[in-house]
Each structure stands twice: as structure tokens, then as C-alpha cells.
Amino acid sequence: MKKIFPIISKISGFVNISKDEIRKIFIKINNAHIYSKKYNFNSEDLIILIPHCIQNYNCKVKVTNDIDNCKKCGICKISDLQQLKEKYSVKVFVATGGTLARKIILDNRPRAVIAVACERDLTSGVRDISKIPVLGVFNSRPNGPCVNTNIDMREVEKAISFFTCK
Ligand code: SF4
């Protein structure tokens, strides 16, 4: 996948296409490549990385260390992610940047990662991590970048089911 991104970038140089569109294509190719394979991991071997902007901007609860601190008011998707964590016994971490995401992966040694982020962060994450499969899930940004972003939880559940063969 590392080799594919420069090729896509080069081709896109000939057509009028935004950087985010290129990144989106790259992540879609990456996901299609992973979905074409078969895995049978335990859910405990997966980690879900989410960006901090999923948390409601006005919420005072500190979920960056532990999403279990969420009071489950339901305003943002942190409460849904916490339920998902309990339902599937997966690890869920808030990664406030690439450095922390790398540290979380090094510390936890997962067999696969489900990463939720914008096109730019997903692209750098997928290009960074080459030894384990990383499925990318785009967050939606109805309020603009980095504020009160959203996730389609069905996509995250689909990725968990795929990696655990359920
Ligand atoms: S769901 Fe949790 S993190 Fe989100 S606003 Fe409510 S208490 Fe805060």
C-alpha cells in the first residue's frame, strides 16, 4: 500500500482532483485490499483508534485517557463506542495525534487496527503502519474539520465482524 499512494498521486496530477479525493481513493483501495483477505482474530486483539474531535466540544469529561469516563449522555458517539467496547471486548482509544496513535499500537501490539479519522490522518496512519492490517473509517464533519465530528457506527461494527470472522 505504501507504494500505491505515490502512484495515485502521480496519476491525479493529470486530472483536476483534490488532495482529499486522492486520499479517499487510497483508503478505499486499502480497505478493498484488506476486505479481499480473510482473518480470524479474537476481538481482544483489535484496537479501535478514534480522533478526539468525536467527543462533543462542550463536554468536560476527560475521555482521552479512558473512554469509560464517558457519562453516556448520548450527545456524541463516545457513548456508542463505549457500548461497542463492552459488547465486543475490543479496545478503544482516543488518539490525539499520530505520535500517540503509534505509541498506543506499540504498547498494545494489536493484530489489526480499525482507525477512524479524516482522509488526511487515515492516509498517514495507513502509510505508517505496514505490518498489520488497518481498516480506515472516515468520520463525517458536519460542523467543519476537527469539531463535533461523527462516525457511522455500522461501519465500525462491520470492520469488527470482518476481522473476527463473525
Ligand atoms: S456521550 Fe460521553 S463524551 Fe459525549 S458528550 Fe456525553 S458524556 Fe461527553
Side-chain angles (χ1 to χ4, degrees), residues 18-21 23-28 30-31 34-35 39 41-129 131-166:
S18 72
K19 272 191 178 169
D20 266 356
E21 280 305 317
R23 291 167 178 145
K24 205 173 256 175
I25 293 166
F26 173 68
I27 294 301
K28 283 183 177 175
N30 169 75
N31 287 359
I34 292 172
Y35 274 122
Y39 302 95
F41 298 142
N42 293 323
S43 53
E44 293 84 358
D45 292 326
L46 306 180
I47 65 169
I48 300 174
L49 291 177
I50 56 166
H52 191 202
C53 54
I54 293 293
Q55 184 181 21
N56 183 271
Y57 184 75
N58 295 313
C59 179
K60 299 281 179 270
V61 174
K62 192 163 171 51
V63 296
T64 41
N65 291 341
D66 187 352
I67 71 158
D68 287 343
N69 290 333
C70 167
K71 303 291 179 214
K72 303 187 187 77
C73 75
I75 287 178
C76 72
K77 287 286 167 64
I78 298 286
S79 54
D80 290 8
L81 285 157
Q82 208 222 9
Q83 280 173 22
L84 206 73
K85 180 183 163 186
E86 279 168 19
K87 181 177 171 188
Y88 292 99
S89 301
V90 287
K91 295 173 187 148
V92 182
F93 296 97
V94 178
T96 48
T99 308
L100 182 59
R102 276 189 290 277
K103 184 178 178 341
I104 290 168
I105 290 167
L106 273 177
D107 291 351
N108 289 277
R109 302 195 170 279
R111 298 186 72 188
V113 174
I114 299 161
V116 179
C118 62
E119 290 82 356
R120 190 196 58 192
D121 289 357
L122 280 182
T123 299
S124 54
V126 167
R127 294 182 75 194
D128 240 26
I129 305 160
K131 294 208 167 87
I132 54 170
V134 181
L135 269 177
V137 176
F138 299 112
N139 61 354
S140 61
R141 278 113 45 203
N143 305 293
C146 308
V147 182
N148 295 344
T149 62
N150 207 346
I151 318 176
D152 184 345
M153 295 302 296
R154 289 167 305 184
E155 273 195 62
V156 182
E157 269 198 275
K158 181 183 157 196
I160 296 171
S161 302
F162 169 71
F163 277 136
T164 55
C165 223
K166 293 216 168 88

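Here, residue 1 is the first one in the sequence, and each next residue gets the next number. Every number for a ligand or one of its atoms is a count from 1 in the order of the listing.
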Could you tell me the residue and atom name of the protein heavy atom closest to [atom], and the distance to it rounded to 0.1 Å?
atom                    : value
atom 8 (Fe) of ligand 1 : C59 SG, 2.3 Å
atom 7 (S) of ligand 1  : K71 N, 3.4 Å
atom 2 (Fe) of ligand 1 : C70 SG, 2.4 Å

- [ ] Establish, yes or no, whether the cationic atom of K158 lies under 6.0 Å from the six-membered ring centre of Y35 and within 45° of the ring axis.
- [x] yes

Do [X] and [Y] touch side chain to side chain, with heavy atoms closer than 4.5 Å?
X    : Y    : result
L46  : P110 : no
L81  : M153 : yes
T149 : V116 : no

Open item on the list: Can you give me the closest heavy-atom contact between A117 and P51, atom names plus distance?
Closed with: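 Heavy atoms only, the tightest pair is CA-CG, 4.3 Å.
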
Atoms of ligand 1, numbered as shown, that sit under 4.0 Å from any heavy atom of [X]:
X   : result
Q55 : 3 (S)
C76 : 1 (S), 3 (S), 4 (Fe), 5 (S)
N56 : 5 (S)

Open item on the list: For a distance under 2.8 Å, tell me if C73 has an N/O/S atom near atom 6 (Fe) of ligand 1.
Closed with: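 C73 does place an N, O or S atom closer than 2.8 Å to atom 6 (Fe) of ligand 1.
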
Task: Working for side chain to side chain contact (heavy atoms under 4.5 Å, CB included), residues Y39 and I34 - done: CA-CA 9 Å; Y39 302 95; I34 292 172; 3.8 Å; yes

